[in-house]
Amino acid sequence: MSIEVSGVSKLYGTQKALNNISFKVGKPEIVGFLGPNGAGKSTMMKILTTYINASEGHIKVNTFDVDQDQKNVQKSVGYLPENNPLYLDMYVKEYLAFNAQVYKVSKERIQEVIELTGLTIESHKKIEQLSKGYRQRVGLACALLHNPEVLILDEPTTGLDPNQLVDIRHLIKSIGQTKTVFLSTHIMQEVEAMCDRVIIINKGEIVADKKLQELRDNKEQTVIVEFDYRVEEAFLKNLPKVKSVINTHGFVYEITFETSEDMRSHVFDFTHDNQLKILQLNQKNASLESLFRELTSN
Ligand code: ADP
Ligand code: MG
């Protein structure tokens, strides 16, 4: 196992930011650490990278204990902190060379990470001249310098525009083919786009730990349908395999079915047989979204 967390709690004064957390991450694996703001994501990541200590519990990273073997943990981990702090008045190459010294890595490796993170065309610029997307690449390049087994990325895509987002996601996915990637986010689409598994944290506690494939295989689906007139919810419950019907707004209804079979044609036939008109009909893969909402709404 690349990351083993067992019974970890963290107190800031009297506030419990983490409460008895346990999980494991293997290799290669990309795990999304998903939770609302203030859930404890950054705190957990700072503990994994030895920046702060846990108040209770045991943690191993790449088999090394974070309390007893900090040096080896640091060698094993590449860390992109929240808000990606960089020295803006340094040049990209200069900044990477500066960090390379800390890690004692070769000049060749600097060039390698520049290429790996797609920084080549911007590598002669000052960091302050770079767009947010390229600054994120510099942060990633820095985290990759010493070729660590485990990457810990704290909200790596926050603040990126849609094109930058696609590029960085792609990069992270490709890194995750051979390494362990543990990334935090408060956006569930991020998890859908990049991760093999999701660990959901809320108020310092883990509330779910699931493979994305499991969620996709979920035997439930929701169809969103808009009629041209009000329909009784009870009437829509006559549809086959209905679990619930919610009138979300206006004449729009969310109908959840207990089946993975596409139920849109059934909805269409049903409304046609009952002389109703459909204005829109969509299927949504609601499993991760509803899980997240259900588990983090209080
Ligand atoms: P997340 O990254 O999920 O947004 P954090 O780990 O940053 O959450 O914070 C978890 C909780 O711990 C929050 O309530 C936050 O205010 C608190 N917290 C974080 N860092 C400190 C600190 N250095 N001192 C006191 N409280 C802190
Ligand atoms: Mg955070």
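As the structure lists them, so they are numbered: ligands from 1, and atoms in each ligand from 1. The residues of the chain are indexed from 1 along the displayed sequence.
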Those residues that, when tested against His186, pass ring pair (Phe, Tyr, Trp, His ring centres under 6.0 Å) (two or more places apart)
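Result, ring pair (Phe, Tyr, Trp, His ring centres under 6.0 Å) vs His186: none returned.
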
What count do you get for protein N/O/S atoms less than 2.8 Å from the Mg ion (ligand 2)?
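Number of qualifying protein atoms: 2.
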
Give, for atom NZ of Lys46 and atom CG of Asp154, the distance between the pair rounded to the nearest 0.5 Å.
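Rounded to the nearest 0.5 Å, the NZ-CG separation comes out at 7.5 Å.
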
Decide yes or no for Glu220 and Lys243: does some side-chain heavy atom of the first lie under 4.5 Å from some side-chain heavy atom of the second?
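Heavy-atom side-chain distance check passes, below 4.5 Å.
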
Any cation-pi pair here, Lys10 with Tyr12, using under 6.0 Å and within 45°?
yes

Salt bridge (charged side-chain N to carboxylate O under 4.0 Å, His left out) involving Arg109 - partner list, sequence neighbours excluded:
Glu112

Taking every non-hydrogen atom, the tightest pair across Leu153 and Pro156
O-CD, 3.6 Å

Under 4.0 Å from ligand 1 - residues by heavy atom, chain and number:
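Close residues (ligand 1, cut-off 4.0 Å): Tyr12, Gln15, Ala17, Pro36, Asn37, Gly38, Ala39, Gly40, Lys41, Ser42, Thr43.
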
Salt-bridge contact Glu261-Lys241 (side-chain N to carboxylate O under 4.0 Å):
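Answer for the salt bridge query: yes.
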
Before you tell me yes or no, could you show the steps for Tyr79 and Phe182 under ring pair (Phe, Tyr, Trp, His ring centres under 6.0 Å), namely the whole-Å CA-CA distance, both residues' side-chain angles and the distance that decides it to 0.1 Å?
CA-CA 10 Å; Tyr79 177 37; Phe182 187 59; over 10 Å; no

Give the ring-plane orientation class for Tyr103 versus His146, where under 30° counts as parallel, over 60° as perpendicular and anything between as tilted.
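Taking His146 first and then Tyr103, their aromatic rings lie parallel (interplane angle under 30°).
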
